[in-house]
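Lettering follows sequence order; numbering is per chain, from 1.
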There are 2 protein chains.
Amino acid sequence: MDTTQRTEQQRSAEQRRRELLEAADRVVLRDGPGASMNAIAAEAGITKPILYRHFGDKGGLYAALAKRHTDALLDSLRAALDAPAERRERVEATLDTYLAAIELRPQVYRFLMHPAEGSSAGEPGFDVGRHSAPLLRRLGEELAKVIADRVDLGPESQQLARVWGHGIVGMMHAAGDWWLGERPCSRSELVRSLADLLWGRLAAVADRVGGPGF
Amino acid sequence: MDTTQRTEQQRSAEQRRRELLEAADRVVLRDGPGASMNAIAAEAGITKPILYRHFGDKGGLYAALAKRHTDALLDSLRAALDAPAERRERVEATLDTYLAAIELRPQVYRFLMHPAEGSSAGEPGFDVGRHSAPLLRRLGEELAKVIADRVDLGPESQQLARVWGHGIVGMMHAAGDWWLGERPCSRSELVRSLADLLWGRLAAVADRVGGPGF
DNA sequence: GACTCGAGTTACCGTAAGTAACACATGTTG
DNA sequence: CAACATGTGTTACTTACGGTAACTCGAGTC
C-alpha cells in the first residue's frame, strides 16, 4: 500500500460519494422526500447496500444531502450579511437572499424543511425532525455571531445576540414558509414588511380604536 | 332506532374516541412520537383496526391529538393576547404564556413540533411535516387577526398584519425551541430580549466598530 | 328464534429500512 | 504462478410498520 495508491483510492471513494449524493439529489427532487433507498440506488445505477456502506443509514444520507444545500445557502447569506452597507440594507439583502433561494428552488427547500410532505400517501419518508432543526440552528448561530460582532449590545451581548439570531431566523423561516405556500405578495413587499417589523414599527404604530393608551 | 338510543350510541362513540385519544396521548408521551399504531392500540386495550375505524389513518389520529393540544394552547394565548393592557405588556404576556406552556410540557411540545425525534433509531415515526405546520399557521393567522384588529396599519393592513403574525410566531417558535434545548437564560430574560427585538432595539443600537454610518 | 348492526379480532398484504452472505475483479506477495 | 487480501457489487433475506379484508361475537329488535 504505497501512498499514491491509497490516495487514489480515497479520491475515487470521495468522488463516488459525490456521485451518489448527486443521484440522491436528483431522486429526492423528482420523487419528493419519500424517495426510497432503493430508488436512489437505482438512480445511481447501483443497489442498496452500497448506499449503506457509504452513508450508514438513511439519516446519514439525508444529513450529507442537507449539509450540501445548507452550506451553499449559508455562503449566500454570509455574503449578504457581511456586505459593507447600512444595517437596514444588510438586513433586507439577507432576507431577500434567503427568500430568493427558497423561491428559486422550492423543492430543495421543502426537502430540507418539510421532508415528509412530498409523498402522496402517508409513506414513511425521511425523519426530518432530527435534521431540519440543525439547519435553522446553524443559521441562528451564524446570525448571532454576526450580530454580536457588528453591533454593540452592552453586557450580556453574547446572549442577547443569540436570542435575536434565533428569533430573526425563525421569523424569516416562518414568514418565508407561509409566503411560499400562499404567495400573498411580492418578495420585495415581504422583505420590506419584515424589515419594518424588525425596525420596531409594531411598537410605533397607533392603536386602531381609542387612544394609544388603551 | 328512537332518538334516545341514537344519542346514547353517539355519546358512547365520542366517549370511546376520547378514551382512545387519551391512550394515544399516554403512549406518545411515553414512547415518543415514534409510537406505533399497535402500541397505541395495545395501550387502549384494543387492536389496530379500531383505531383506523375511528381516525382513518395515522395522520388522522395525529391530527386529532394535535388539535387537542393546539386548541388548549390557543386558548391560553388568546387570553394573554386579548387582555386589556398596554401593547408591550400584552406582547410580553403572550410570549411568556407560550414559553411557559412549552416549558411545562416539553414532551407535548416536542411531539407537536418535532415528532420524529423521540425514537432512538431512524424509525418511521409520524410524518410531522404535514401537521406541525398547521399549528404554526393557525397561531400565525390568529395573531394576524388580533394585530389587524387592534392596530392601525393603514392600507394593506390585512397583508402587513399577516406577514407580521406569521413572522412573530416564527420568531417565538424558533427562539423557544432553541431556548428549550439549551436553557441559556431565564424565561423572563428571554421574553424581555424578544420583546426588545420587536420593539426595534436592533435598529436603535449602535454599531460596534466605527460610527453608526458604517 | 331469525336478523341486523356495531364493536372487536385474527390473519394477511405491500412496502421500505437495514443486513448477511455470497461473487468478482484486481493487485500484492510467497 | 498460485494463494490471498481488498474494495465493489449483487441477491436474497429479515424485521417492522401502516393499512385492510374477512370473520366472530354479543346485544338489542321484530
Quiz prompt | Divergence of helical axes at both termini of the helix from C:dG1-D:dC30 to C:dG30-D:dC1 - five pairs an end, 10° steps | solution = 40°
Quiz item: Reckon A:Arg16 has a side-chain N or O less than 4.0 Å from the OP1 or OP2 of D:dG9?
Solution: yes
Filtered N/O pairs between nucleotides 20-25 of chain C and protein, under 3.5 Å:
none

Exercise. Salt-bridge test for B:Asp71 and B:Lys67: reply yes if a basic N is under 4.0 Å from a carboxylate O, no otherwise.
Key: yes
Exercise. Please state whether the phosphate of C:dT9, meaning OP1 or OP2, lies under 4.0 angstrom from any side-chain nitrogen or oxygen of B:Thr47.
Key: yes
Quiz item: Of all the choices, D:dG19, D:dT10, C:dA17, which nucleotide is nearest to the side chain of A:Tyr52 once you look at every atom?
Solution: C:dA17
Quiz item: Can you find a heavy atom in the side chain of B:Leu136 that is under 4.5 Å from one in the side chain of B:Met113?
Solution: yes
Quiz item: Rounded to the Å, how far apart are B:Leu51 CG and D:dT20 P?
Solution: 13 Å
Quiz prompt | Note: A:Glu103-A:Arg183 ion pair, threshold 4.0 Å (strictly below) | solution = yes
Quiz item: Expressed in angstrom and rounded to an integer, what is the separation of A:Leu61 atom CG from C:dA16 atom C1'?
Solution: 15 Å
Practice problem: Quickly work out the B:Phe55 CZ to D:dG18 C1' distance and round it to whole Å. | Solution: 16 Å
Quiz item: Which one, D:dG19, D:dT10, C:dG8, comes nearest to the side chain of A:Ile50?
Solution: D:dT10
Exercise. Just compare D:dC17, C:dT9, C:dG18 and give me whichever is closest to any side-chain atom of B:Ser36.
Key: D:dC17
Quiz item: From the list C:dA17, D:dT20, C:dG8, which nucleotide is the closest neighbour of the side chain of A:Met37?
Solution: C:dA17
Quiz item: Does the distance from a Lys or Arg side-chain N to an Asp or Glu carboxylate O, for A:Asp31 and A:Arg26, drop under 4.0 Å?
Solution: no
Quiz item: Rounded to whole angstroms, how far apart are CZ on B:Arg17 and C1' on C:dG6?
Solution: 17 Å
Quiz item: In whole angstroms, how far is the C1' atom of D:dT8 from the CD atom of A:Glu19?
Solution: 13 Å
Exercise. Let me know the distance between CG of A:Asn38 and P of C:dT19, rounded to the nearest Å.
Key: 14 Å
Quiz item: With a 4.0 Å cut-off, would you call B:Glu92 and B:Arg88 a salt bridge?
Solution: yes
Exercise. Could you tell me the separation between the NE2 atom of A:His54 and the P atom of C:dG18, rounded to a whole number of Å?
Key: 16 Å
Quiz item: Should the heavy atoms of other residues, nucleotides or ligands under 6.0 Å from CZ of A:Arg138 be counted, would the total exceed 12?
Solution: yes
Quiz item: Would you say the side chain of A:Lys58 and the base of C:dG18 hold a donor-acceptor pair, judged only by whether the two atoms sit under 3.5 Å apart?
Solution: no
Quiz item: Can the ring centroids of B:Tyr62 and B:Phe55 be said to lie less than 6.0 angstrom from one another?
Solution: no
Self-check item: B:Lys48 vs A:Lys48, nearer the 5' end of DNA chain C by closest nucleotide
Solution: B:Lys48
Quiz item: Are B:Arg192 and B:Asp96 close enough for a salt bridge, meaning some N to O gap below 4.0 Å?
Solution: no
Quiz prompt | Value in whole Å for how far the P atom of C:dG18 lies from CD1 of A:Ile40 | solution = 11 Å
Quiz prompt | Beyond-backbone contact of A:Leu73 with A:Tyr98, side-chain heavy atoms, under 4.5 angstrom | solution = yes
Quiz prompt | Gap between atom NE2 of A:His173 and atom NE2 of A:His166 - 0.5 Å precision | solution = 14.5 Å
